[in-house]
Amino acid sequence: MKKTMTRLRVYSHASSSVRPCFGSFLGPLLFNIYMLPLAQITEHHNISYHTYADDTQLYISVSSHDYSPLLSLSNCIHQINEWMCQNFLQLNAEKTEVIILSPKNERSKISAHLGSTSLTATNQARNLGVIIDSGLNFNSHLKLITKSAYYHLKNIARIKGFVSKQDMEKLIHAFIFSRLDYCNGIFTGLNKKSIRQLQLIQNAAARVLTNTRKLDHITPVLKSLHWLPVSQRIYFKILLLVYKALNGLGPNYMLDLLPLYEASRPIRSSGTGLLRVPRTRTKRGEAAFSYYAPHLGNKLPVDLRSAEKYSSFKSGLKTLLFTAAYS
């Protein structure tokens, strides 16, 4: 099944009565109530959706022998546009994007059928600051992270003679690690070359902070700073999401992706909180959260999985990953 995602951006007209006021306490709640018919329209066309503030994503699955969902998507967008015009809202056409997530040889077929519905597919789309491409390799997003991180690191290096090491580390965490860690849970399917690209940014930041020469080995420096390598930081983010979802600290749709393992007969590991790992036939499938998260979570020690407090789990998890990275 090929996935097609449409991103809709909602803008209000000048009327102050409908403009979303997210700075107020009731603003988000009132705006969500006002936008409730949008979900009803989407469900009427049997289309999956996900919303965040004024940003909405629509999802459909298309098989090789049935392209009818594309017509449903087009009709849904048309009806949404009509509803917005009647309710003092505006659908931003420039930021309404359709992206096809499938193997390269299948995209042209789906794009051709999209043309008959007056929709045009794009190769990449920005979603909450993350650039998603049709191949899900995140090359464009990695380039953006690399360019931005090195730009800020260069500026930080210029002033390192005027600030203390403690303040330098704060700047690096604010301008460099905030970019390396933002939504890094989506990097589970990246190859080693891409992970290495991100690791070089962290290495450069460590060299600037500690005045380490380029020829000196960086691993002892990272260990002395108590920084987790990029790959461990990805594991760290995924496992924190797993703990939050299983303990009522995360959204329900994430919990639905983490069913508990139920053995067909009583075994020694029963009752230890193991998660069911779904079967997959491809490497791309192994990169999905529904597979990667329980696969990682089941490897954790039982006492860590059963931690009662989030702070205890977070501290113990970092210690475990740090030991594994530098042992």
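Numbers here are sequence positions counted from 1. This structure is a prediction, so every number in the text was calculated from the model and none was measured.
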Are side-chain N/O atoms of [X] and [Y] paired as donor and acceptor at under 3.5 Å?
| X | Y | value |
| --- | --- | --- |
| N75 | Q79 | no |
| Q199 | Q202 | yes |
| S140 | Q124 | yes |
| R179 | S148 | yes |
| H44 | Q40 | no |

Would you say [X] and [Y] are hydrophobically clustered, going by side-chain heavy atoms of ILVMFWY under 4.5 Å?
| X | Y | value |
| --- | --- | --- |
| I234 | L304 | yes |
| L114 | L71 | no |
| F138 | L144 | no |
| I131 | L190 | no |
| Y291 | L239 | no |

Hey, are the side chains of [X] and [Y] touching, using non-hydrogen atoms and a 4.5 Å cut-off?
| X | Y | answer |
| --- | --- | --- |
| L275 | P259 | no |
| V230 | F187 | no |
| Y182 | V130 | yes |
| L228 | Y235 | no |
| L300 | L317 | yes |
| L198 | I145 | yes |

Inset, instruction - Step by step, work out the salt bridge (charged side-chain N to carboxylate O under 4.0 Å, His left out) result for D181 and K237. - result: CA-CA 8 Å; D181 293 341; K237 176 67 70 64; over 6 Å; no

Inset, instruction - Using the six-membered ring wherever Trp is involved, compare the ring planes of Y292 and H295 and label them parallel, tilted or perpendicular (cut-offs 30° and 60°). - result: tilted

Inset, instruction - State which residues pass salt bridge (charged side-chain N to carboxylate O under 4.0 Å, His left out) with D66; sequence neighbours excluded, sorted by chain then number. - result: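 With neighbours one apart ignored, the set is empty.
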
Inset, instruction - Let me know which of E97, Q57, H50 forms a side chain to side chain donor-acceptor pair (under 3.5 Å) with N127. - result: Q57

Inset, instruction - Begin from the C-alpha positions of Y151 and L153 and carry the test side-chain contact (heavy atoms from CB on, under 4.5 Å) through to its verdict. - result: CA-CA 6 Å; Y151 170 79; L153 188 59; over 6 Å; no

Inset, instruction - Please lay out, stage by stage, how L91 and I77 fare under the test side-chain contact (heavy atoms from CB on, under 4.5 Å). - result: CA-CA 9 Å; L91 182 64; I77 295 175; 4.2 Å; yes

Legend entry - Check: I99 main-chain N/O paired with T122 side-chain donor or acceptor under 3.5 Å: no

Inset, instruction - Assert yes or no for the condition that the ring centre distance of W227 to F177 is strictly below 6.0 Å. - result: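 Yes - the distance between ring centres of W227 and F177 falls below the 6.0 Å cut-off.
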
Over all atoms of both residues, closest heavy-atom pair of [X] and [Y]:
| X | Y | answer |
| --- | --- | --- |
| S224 | V221 | OG-O, 2.6 Å |
| G297 | R305 | O-CD, 3.2 Å |
| I47 | S72 | CD1-O, 3.7 Å |
| V62 | L70 | CG2-CD2, 4.0 Å |
| I201 | T146 | CD1-CA, 3.8 Å |
| A324 | S327 | O-OG, 3.7 Å |

Measuring from [X]:[atom1] to [Y]:[atom2], what's the distance to the nearest 0.5 Å?
| X | Y | atom1 | atom2 | answer |
| --- | --- | --- | --- | --- |
| L142 | N137 | CG | CG | 8.0 Å |
| F313 | E308 | CZ | CD | 14.0 Å |
| I172 | S178 | CD1 | OG | 11.5 Å |

Inset, instruction - Report the C-alpha distance between L101 and I132 in whole Å, list the side-chain angles of each, state the deciding distance to 0.1 Å, and finish with yes or no for side-chain contact (heavy atoms from CB on, under 4.5 Å). - result: CA-CA 9 Å; L101 309 177; I132 301 176; 4.3 Å; yes

Atom pairs and distances, donor-acceptor, side-chain atoms in residues 245-256, under 3.5 Å, two or more places apart:
unit_1	atom_1	unit_2	atom_2	d
N247	ND2	Y243	O	2.7

Inset, instruction - Run the numbers on N211 and K160 for side-chain contact (heavy atoms from CB on, under 4.5 Å), then give the verdict. - result: CA-CA 10 Å; N211 293 318; K160 65 179 181 180; 3.0 Å; yes

